[in-house]
Amino acid sequence: MIDLHTHSNFSDGTDTPAELINKAHAAGLTTIALTDHDTVAGWDEAQEWLRPGLDLVLGSEISCQTDDGISVHMLGLLFDPKNQALRTMMAATRDNRVGRMHKIIARLTAAGYEISMEDVEAELSDGATLGRPHLADALISKGYMKSREEVFAEVLHNDSPFYVAHYSPTPEVAIAHIKAAGGVAVIAHAMSSLRGRVVSPESFESYVAAGLDGIEVFHRDHTAENRELLVGVAAEFDLVTTGASDYHGNGKLNQLAEFHTAPAEFERLESRANQRRVVRATKR
Ligand code: AMP
Ligand code: ZN
Ligand code: FE
Ligand code: FE
């Protein structure tokens, strides 16, 4: 079973990469992608813990924003982590997440919540990409709410008055950077209306022109109608279709392997990278 979208505590997942790899073995996965938000910082630890029977696809979920302000998540997989332009792009987004967090905290403080940047940083692992889930964890630690789900539903969702976007590249720019680094680009949960406004089916033409390789179709946030529409878009543009859990450890309900990618689709996807970069364990 192939799961091409998961998070560790190098972003807003709650498992270490080592725990994630162990759980992937236990769940019977044969291939797992590690796709922390805007970073490759967890790659080394994940590789270190790999054992035979599980293949590792290294990647990142790149935050993007369209010119009209719609948030898009682009999975970059199998790219060269040394590519400087891609590294710089991810670093810029991580920097912007810090200023953005200060703004969200200021809005919450103005509304009477007693919460500080230090409280949020206390929830963040060393070297991890900062995100709203860490703020959610801080609000939970302070007793304001009980779960990330509850915090997002009440104060942190994208249409909330407390919501602030962070600078991110457009989907086209992110795709171009992933492709220039030899990787493949798969648009994540594109029709998930839980996250605010979503892109129109027409916008895929421009993503394909930029080099888009695949569409994450099978994801818990997609309805049957969403999936049907995306399967149609994939067929129209000869794109790969994937499925994945978007596992975040205890941070979300999503369970490893709850959605997966067909082996033939994964082969098509891998063949679009400029090198064989799937990591296979050689020891342990
Ligand atoms: P950010 O990257 O800071 O904009 O925060 C977005 C992250 O929050 C995404 O990775 C989502 O997985 C996570 N998220 C969004 N909604 C929820 C929710 N209802 N419960 C838990 N996590 C969520
Ligand atoms: Zn996340
Ligand atoms: Fe996402
Ligand atoms: Fe994700």
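Counting convention: from 1, in listed order, for ligands and their atoms alike.
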Checklist entry - Between H73 and ligand 1, does any nitrogen or oxygen pair lie at a separation below 3.5 Å? => result no
Checklist outcome for this item: Protein-side N, O or S atoms sitting under 2.8 Å from the Zn ion (ligand 2) are D12 OD1, D12 OD2, H37 NE2, H248 NE2
Next on the checklist: Filter on side-chain hydrogen bond (donor to acceptor under 3.5 Å, both in side chains), then keep only pairs touching residues 149-165, sequence neighbours left out; what's left?
Outcome noted: R132-N158
Item to check | Of all pairs that satisfy side-chain hydrogen bond (donor to acceptor under 3.5 Å, both in side chains), the ones with a partner from residues 235-245, not counting sequence neighbours | outcome: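 Found D3-S245, D238-R268, T241-E265.
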Is [Y] paired with [X] through a side-chain N to carboxylate O contact shorter than 4.0 Å?
X    : Y    : result
D55  : R280 : yes
R220 : D246 : no
R97  : D38  : yes

Item to check | Sidechain-backbone polar pair: N226 side chain, T223 backbone, donor-acceptor under 3.5 Å | outcome: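 Checked: pair present.
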Checklist entry - Which of parallel (below 30°), tilted (30 to 60°) and perpendicular (above 60°) describes H73 and H37? => result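 The arrangement is perpendicular - the two ring planes meet at more than 60°.
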Side chain, backbone, both or neither: which part of [X] comes within less than 4.0 Å of ligand 1 when only heavy atoms are counted?
X   : result
D12 : side chain
H7  : neither
H37 : side chain

Item to check | Atoms of ligand 1 close to P133 [distance to a heavy atom under 4.0 angstrom, numbered from 1] | outcome: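 It comes down to these atoms of ligand 1: 5 (O), 7 (C), 8 (O), 13 (C).
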Checklist outcome for this item: At a cut-off of 2.8 Å, protein N/O/S around the Fe ion (ligand 3) gives E61 OE2, H73 ND1, H189 NE2
Item to check | Same apolar cluster (I L V M F W Y, side chains within < 4.5 Å links), M101/M90 | outcome: no
